[in-house]
Amino acid sequence: DDTTWDRGGPRAVDSHVWDDTDGEMYMTFGSWDPVGQDVIAIAELDPVTGRIDGFDPDKPAYYPDGGHPSLHTVATFGEAAYSLHHGEYYYLFINLGSCCSGLDSTYTIIVGRSTSIFGPYVDRDGRSFNISYPEDSYPGTVVASGRLGEGRRIGPGHTGLIERDGGLCLSYHFYDGDDNGHPKLGMAPLAFDEAGWPYAVTDQTCHFR
């Protein structure tokens with residue numbers, strides 16, 4: 001048999017389907033996998049069928065042995081990935097840390113960038129997202145930390161972006177340190193520093209008309 005079950009590529013989870021500025025459609029997806037290193041991938045989609053090019057519609061969960069040529073690995077760690085093409089760069093937002101543990105959550109949103117959609121993605125210090133790292137030493141430029149803002153928004157995760165008033169608004173879930181750790185949805189403007197790295201403006205809010 002020349003196919004493998006959920007081991008020829010990234011896990012089919014946490015997908016982000018998006019249109020690039022070139023008019024093509026892509027999907028960024030994947031999650032931590034203790035078996036392999038192909039964790040986060042980007043694949044081009046057929047805008048008519050919504051399928052990844054070359055996949056058998058009768059076997060949607062199978063990959064050819066060794067991976068599929070349409071899947072481009074962009075990170076070997078993380079989960080809840082989200083892609084953004086802004087200016088001259090492609091940005092890859094990923095979550096690190098522990099989710100879903102209430103006030104003990106350590107979720108952190110990080111970002112890498114590349115001039116090419118399929119990478120390589122690197123952080124502010126030039127560290128690649130495509131090689132293996134020891135635990136707790138992953139690269140990534142922090143967008144929102146485990147104690148976002150002044151400590152109320154604990155474990156922010158799962159990036160979402162929407163355009164508002166000429167800018168970008170970052171959405172994320174978190175546990176409210178001022179409300180017994182109840183899970184809530186947070187929103188904050190996303191800004192870029194002089195070097196072009198994005199960060200959450202935690203002392204402001206997004207306005208919807």
Side-chain angles (χ1 to χ4, degrees), residues 3-4 6-33 36-95 109-124 126 128-131 139-141 143 157-172 189-192 195-199:
T3 61
T4 56
D6 196 30
R7 289 297 177 265
R11 289 177 170 170
V13 66
D14 289 345
S15 60
H16 171 219
V17 176
W18 54 287
D19 294 319
D20 194 9
T21 53
D22 61 4
E24 299 295 334
M25 180 182 292
Y26 297 91
M27 180 169 66
T28 305
F29 67 103
S31 181
W32 295 102
D33 189 337
Q37 293 297 318
D38 295 338
V39 174
I40 305 296
I42 295 178
E44 187 171 349
L45 301 182
D46 184 323
V48 177
T49 66
R51 296 192 181 112
I52 296 175
D53 181 45
F55 267 58
D56 185 343
D58 295 324
K59 298 180 180 180
Y62 282 85
Y63 306 107
D65 189 23
H68 195 284
S70 294
L71 304 183
H72 301 265
T73 300
V74 290
T76 60
F77 52 85
E79 61 187 14
Y82 190 99
S83 291
L84 170 69
H85 189 181
H86 180 81
E88 62 180 302
Y89 291 107
Y90 289 91
Y91 293 88
L92 180 66
F93 297 82
I94 292 178
N95 261 95
I109 299 173
I110 65 167
V111 66
R113 72 184 185 189
S114 173
T115 56
S116 171
I117 185 172
F118 298 131
Y121 287 85
V122 299
D123 70 1
R124 188 188 296 270
S128 173
F129 278 33
N130 277 92
I131 63 177
T141 301
V143 177
H158 218 135
T159 297
L161 292 171
I162 187 172
E163 292 187 14
R164 277 294 181 271
D165 296 331
L168 290 170
C169 182
L170 168 72
S171 68
Y172 56 92
L190 188 78
F192 292 81
W197 289 100
Y199 63 95

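Heavy atoms only: backbone and side chains are in, while hydrogens, waters and symmetry mates are out. If you read the sequence from its start, that first residue is 1, and numbering goes on from there.
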Handout entry: Glu163 and Leu168: CA distance, side-chain angles, deciding distance, side chain to side chain contact (heavy atoms under 4.5 Å, CB included) verdict
Key = CA-CA 5 Å; Glu163 292 187 14; Leu168 290 170; 3.8 Å; yes

Problem - Contacts of Asp14 that satisfy salt bridge (charged side-chain N to carboxylate O under 4.0 Å, His left out) - sequence neighbours left out - result: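 Salt bridge (charged side-chain N to carboxylate O under 4.0 Å, His left out) check on Asp14 returns nothing, list empty.
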
Practice task
Start with the C-alpha distance between Leu161 and Phe93, add both sets of side-chain angles, then the distance that settles side chain to side chain contact (heavy atoms under 4.5 Å, CB included), and finish with yes or no.
Solution key: CA-CA 11 Å; Leu161 292 171; Phe93 297 82; 4.1 Å; yes

Rounded to the nearest 0.5 Å, what separation is found between the [atom1] atom of [X] and the [atom2] atom of [Y]?
X      : Y      : atom1 : atom2 : answer
Tyr121 : Ile42  : OH    : CD1   : 4.0 Å
Ser83  : Met27  : OG    : CE    : 11.0 Å
Ile109 : Tyr199 : CD1   : OH    : 15.5 Å
Glu44  : Ile117 : CD    : CD1   : 8.0 Å

Under 3.5 Å: donor-acceptor pair, side chain of [X], backbone of [Y]:
X      : Y      : answer
Arg124 : Ala195 : no
Thr141 : Asp123 : no
Asp20  : Gly23  : no
Thr28  : Tyr82  : no

Practice task
Would you confirm whether the ring centroid of Tyr91 sits within less than 6.0 angstrom of the ring centroid of Phe192?
Solution key: yes

Problem - Those residues that, when tested against Asp46, pass side chain to side chain contact (heavy atoms under 4.5 Å, CB included) (two or more places apart) - result: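 Expected list: Val48, Thr49.
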
Exercise for the section: For the residue pair Tyr90 and Leu84, establish whether any side-chain heavy-atom pair is separated by less than 4.5 Å. Expected result: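 Not touching, per the 4.5 Å side-chain cut-off.
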
Exercise for the section: Could you walk me through whether Tyr172 and Thr159 pass the side chain to side chain contact (heavy atoms under 4.5 Å, CB included) test, one step at a time? Expected result: CA-CA 5 Å; Tyr172 56 92; Thr159 297; over 6 Å; no

Practice task
Could you walk me through whether Ile94 and Val111 pass side chain to side chain contact (heavy atoms under 4.5 Å, CB included), step by step?
Solution key: CA-CA 6 Å; Ile94 292 178; Val111 66; over 6 Å; no

